[in-house]
Amino acid sequence: REEEARAAVSEDNLRSPICCIMGHVDTGKTKLLDNIRKTKVQDAEAGGITQQIGATFFPVEAIKQKTAALAKTTNLQYKLPGLLVIDTPGHESFTNLRSRGSSLCDIAILVVDIMHGLEPQTLESLRLLRAKRAPFVVALNKIDRCYSWKTCPDMPIRDALALQNEHVVREFEDRAKKIMVEFAEQGLNAEVYWRNKDLGRTVSLIPTSAITGEGVPDLLMMLTKLTQERMAKSLAFVDILQCTVLEVKVIEGLGTTIDTILVNGSLSEGQTIVVCTLEGPVVSTIRSLLTPHPMKEIRVKGEYVHHQTIKAAMGVKICAQGLEKAVAGTQIHVVGPDDDVEELKDAVMSDLSNIMDSVNAT
Ligand code: GDP
């Protein structure tokens, strides 16, 4: 079956990339996520941006809408089903959440305050990104703090810059240049994204304001472009399960559930799964697969959308018995018709020792 699944892989059938946000405290990571997530009610009805489990899923329709002003000039094509943005800012999501030994994130946004440049935790993030060889873009956030910036809500950044006074543009250019020098001191080439002629070797700087939204279309456009153009191979949908446990949650009316990130493959109700717990491997049956409601109903607590089958990438809540002691960071396995349950039990538990090793190593 595994051979069959691998043979069916095509770069025309991609899963959603998983994106995480990193950077120094107070650079605007949370605000930036809030801004990207912000939608009008119609958007939620049309495409259904869903506040996920520790992650937010942006369907391609939502990305299209948010990048519409840029799509013509940049000739952006949309091959992705969407983008899954991991919602736990901080290093934790990057180091602990792994999938088959590699980091769970396909691409990262490194947020830098344009007023402050590289700060201690920015350097720490850079160290992690380079150790994992993870591709990333830089959001040069708080551009609205340039002196006498004229607010242009949600506008592509070059259009917004074109509307600014000359001295504002000069201040932006000076600050960007200074930050490029700071990156160079770390041994990294960086360039404002529209002047970046070598996406493979030079990091793109994308000026943004998380408060008023300038540059957010550009950020989404670059994430889309970089992932589908440069990572199509690793983003090919494979019907082999890769699903990582995020945390165990007890929900009234549902009992114990586990929040997971479905990285690749698909999950279905009724499947038998093997999960790593502190008390050994547990074999259980998926009772339900849940995601929260679309945006407009997010405040309705305890209400979820039920799915019979879910495809990657997605944040998914799994209801099944016996998962009270499931271990965060371990992989879930599905028992197929030809699988030996005992072998799968060994596999899930070997994951635990891998996690211990990687925690000790970082
Ligand atoms: P985090 O620690 O990186 O998650 O940063 P927050 O998102 O909590 O933001 C830290 C502070 O910076 C808050 O007071 C935000 O309102 C402010 N902030 C974030 N982004 C921007 C921005 O683009 N422009 C301005 N002027 N302030 C911002």
Side-chain angles (χ1 to χ4, degrees), residues 18-39 49 51-52 54-56 58 66-67 69-70 83-97 105 107-129 134 136-161 163-165 167-169 171-176 178-179 182-183 190 192-193 203-223 298:
I18 301 175
C19 172
C20 68
I21 290 210
M22 308 176 82
H24 195 78
V25 64
D26 275 351
T27 50
K29 297 182 291 296
T30 311
K31 268 274 181 296
L32 199 56
L33 270 178
D34 283 348
N35 190 296
I36 302 176
R37 204 178 296 150
K38 159 195 87 181
T39 46
I49 288 181
Q51 165 76 63
Q52 290 286 351
T56 307
F58 299 91
K66 284 169 182 285
T67 55
L70 282 169
L83 186 67
L84 187 72
V85 181
I86 298 275
D87 219 355
T88 46
H91 292 158
E92 193 194 348
S93 60
F94 201 78
T95 44
N96 292 356
L97 302 180
C105 289
I107 191 162
I109 303 170
L110 177 61
V111 186
V112 172
D113 183 332
I114 192 165
M115 295 290 148
H116 294 167
L118 306 197
E119 298 177 88
Q121 287 162 277
T122 323
L123 301 183
E124 175 66 14
S125 304
L126 275 176
R127 192 184 66 79
L128 284 170
L129 287 164
F136 64 100
V137 295
V138 173
L140 277 189
N141 195 37
K142 307 199 187 182
I143 178 120
D144 60 289
R145 292 192 54 201
C146 286
Y147 183 70
S148 77
W149 175 266
K150 272 196 245 43
T151 299
C152 318
D154 304 324
M155 202 182 264
I157 195 62
R158 297 176 75 182
D159 298 345
L161 280 169
L163 295 175
Q164 306 298 322
N165 286 331
H167 71 266
V168 178
V169 177
E171 179 181 346
F172 158 68
E173 291 290 355
D174 287 347
R175 291 189 185 279
K178 200 166 150 255
I179 290 172
E182 291 176 353
F183 272 109
V192 173
Y193 89 84
V203 178
S204 292
L205 308 179
I206 305 163
T208 57
S209 168
I211 304 279
T212 45
E214 292 94 339
V216 170
D218 310 67
L219 181 61
L220 288 171
M221 185 270 290
M222 282 305 281
L223 289 173
I298 190 164

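Atoms within each ligand, like the ligands themselves, are counted from 1 in listed order.
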For A210, the ligand 1 atoms with a heavy-atom partner under 4.0 Å come out as 20 (N), 22 (C), 23 (O)
Considering only heavy atoms of R145, which atoms of ligand 1 have at least one such atom less than 4.0 Å away?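 Numbered from 1, ligand 1 contributes 26 (N).
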Taken to the nearest 0.5 Å, the spacing of E214 CD from D154 CG works out to 7.5 Å
Donor-acceptor pair, distance only, cut-off 3.5 Å: does the side chain of [X] make one with the backbone of [Y]?
| X | Y | result |
| --- | --- | --- |
| K178 | G117 | no |
| T208 | A210 | no |
| Q164 | A160 | yes |

query = Does L32 reach ligand 1 with a nitrogen or oxygen that is under 3.5 Å from one of the ligand's nitrogen or oxygen atoms?
reply =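 N/O-N/O distance below 3.5 Å does not exist for this pair.
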ask   = Between T208 and ligand 1, does any nitrogen or oxygen pair lie at a separation below 3.5 Å?
value =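 There is no such contact.
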Checking heavy atoms under 4.0 Å, the part of T30 that sits near ligand 1 is both
- Task: List the steps, then state whether side-chain hydrogen bond (donor to acceptor under 3.5 Å, both in side chains) holds for H167 with S148.
- Result: CA-CA 9 Å; H167 71 266; S148 77; 2.9 Å; yes
